[in-house]
Amino acid sequence: MNTTQRGYWCECWTEDVTGQQPPAFIASFDAHTAPQADRWIAVILRTITPMLDPEACDAAWDWLYDGRIETRRALLRAEPCTVTISQAEVRVTWTIRPVLFLPLAHRQVIELPACAYEFKPRPTD
């Protein structure tokens with residue numbers, strides 16, 4: 001019998017700090033371990049640091065060297081975590097939340113589950 005599996009739901013959002021644009025969802029990632037969850041953020045930060053202004057770059061490297069350790073500890077205590085970097089008028093926020101993944105159709109299966117064929121789209125006029 002399939003049971004729930006503990007893991008972490010990771011999201012990345014951007015926000016215009018002037019308030020002229022609503023927050024925008026950028027990406028999500030389902031991690032099955034705390035190291036996998038914080039590694040997702042670490043890889044992104046290392047990738048974008050060359051493009052950041054000096055203040056944002058310093059904030060990114062501060063998290064990579066010091067903040068990441070506390071993030072990992074918090075995740076292992078099943079606490080949610082947030083990492084935020086601001087540059088110019090944009091704030092980028094990564095969140096990691098402990099979750100229980102429900103056993104649904106396996107993503108790697110080539111064929112759709114039988115119930116998928118019961119769906120009939122509504123006719124369009």
Side-chain angles (χ1 to χ4, degrees):
M1 177 176 168
N2 290 337
T3 61
T4 57
Q5 180 181 0
R6 293 189 181 280
Y8 302 89
W9 183 250
C10 311
E11 291 183 346
C12 178
W13 288 78
T14 61
E15 182 179 5
D16 175 359
V17 295
T18 65
Q20 295 182 14
Q21 299 289 325
F25 174 76
I26 302 300
S28 64
F29 177 69
D30 53 324
H32 295 282
T33 65
Q36 192 180 32
D38 76 66
R39 190 176 320 125
W40 182 66
I41 298 173
V43 168
I44 294 168
L45 284 178
R46 284 190 189 108
T47 302
I48 68 171
T49 53
M51 298 173 278
L52 297 174
D53 62 38
E55 188 175 319
C57 186
D58 288 347
W61 284 107
D62 285 347
W63 181 82
L64 285 164
Y65 284 118
D66 297 323
R68 187 174 180 192
I69 295 166
E70 187 50 41
T71 296
R72 176 85 56 92
R73 287 179 183 148
L75 292 175
L76 292 172
R77 292 188 305 263
E79 297 172 0
C81 298
T82 302
V83 177
T84 301
I85 302 293
S86 296
Q87 173 158 317
E89 296 176 349
V90 177
R91 180 181 307 132
V92 182
T93 302
W94 293 269
T95 59
I96 305 171
R97 292 185 304 271
V99 296
L100 290 175
F101 292 114
L102 299 175
L104 300 174
H106 195 282
R107 289 184 184 190
Q108 305 302 320
V109 175
I110 293 172
E111 283 207 34
L112 294 173
C115 63
Y117 299 105
E118 294 175 15
F119 173 76
K120 303 291 185 232
R122 285 200 257 170
T124 57
D125 295 331

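Numbers for residues simply follow the sequence, beginning at 1.
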With a 3.5 Å cut-off and sequence neighbours excluded, list the donor-acceptor pairs that the side chains of residues 16-23 form with protein atoms.
{"unit_1": "D16", "atom_1": "OD1", "unit_2": "T18", "atom_2": "N", "d": "2.9"}
{"unit_1": "D16", "atom_1": "OD1", "unit_2": "T18", "atom_2": "OG1", "d": "2.6"}
{"unit_1": "D16", "atom_1": "OD2", "unit_2": "T18", "atom_2": "OG1", "d": "3.0"}
{"unit_1": "D16", "atom_1": "OD2", "unit_2": "Q21", "atom_2": "N", "d": "3.4"}
{"unit_1": "T18", "atom_1": "OG1", "unit_2": "Q20", "atom_2": "N", "d": "3.4"}

For residues 52-66, dump all side-chain donor-acceptor pairs below 3.5 Å to protein atoms at least two apart in sequence or in another chain.
{"unit_1": "D53", "atom_1": "OD1", "unit_2": "E55", "atom_2": "N", "d": "3.2"}
{"unit_1": "D53", "atom_1": "OD1", "unit_2": "A56", "atom_2": "N", "d": "2.8"}
{"unit_1": "W63", "atom_1": "NE1", "unit_2": "T71", "atom_2": "OG1", "d": "3.0"}

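Members clustered with L76: none, using a 4.5 Å side-chain heavy-atom cutoff among hydrophobic residues.
Listed by chain and residue number, E11 satisfy the salt bridge (Lys or Arg N to Asp or Glu O under 4.0 Å) test with R97 (two or more places apart in sequence, or in another chain). With sequence neighbours left out, V99 forms a side-chain contact (heavy atoms from CB on, under 4.5 Å) with W9, F101. For T93, the side-chain contact (heavy atoms from CB on, under 4.5 Å) partners are T82, T84, R91, T95, not counting sequence neighbours.
Pairing each heavy atom of A37 with each of Y8, the nearest pair is CB-CB, 3.9 Å. Taking all atoms of both residues into account, the shortest heavy-atom contact from S28 to W40 is C-CZ2, 4.3 Å.
Side-chain atoms of C10 and I41, non-hydrogen and from C-beta on, never get closer than 4.5 Å to each other. By the 4.5 Å heavy-atom criterion applied to side chains, R6 and L100 are counted as neighbours. At least one side-chain heavy atom of P35 sits under 4.5 Å from a side-chain heavy atom of R72.
Here E15 contributes atom CD and S86 contributes atom OG; the two are 8.5 Å apart, rounded to the nearest 0.5 Å. Residue D38 holds its CG atom at 13.5 Å from CH2 of W94, rounded to the nearest 0.5 Å.
Taking hydrophobic clusters as Ile, Leu, Val, Met, Phe, Trp and Tyr residues chained together by side-chain heavy-atom distances below 4.5 Å, V83 shares a cluster with F29. If you chain together hydrophobic residues whose side chains sit under 4.5 Å apart, M51 and I44 fall into the same group. Both V90 and I48 are assigned to one and the same hydrophobic cluster, defined by single-linkage of ILVMFWY side chains at heavy-atom distances under 4.5 Å.
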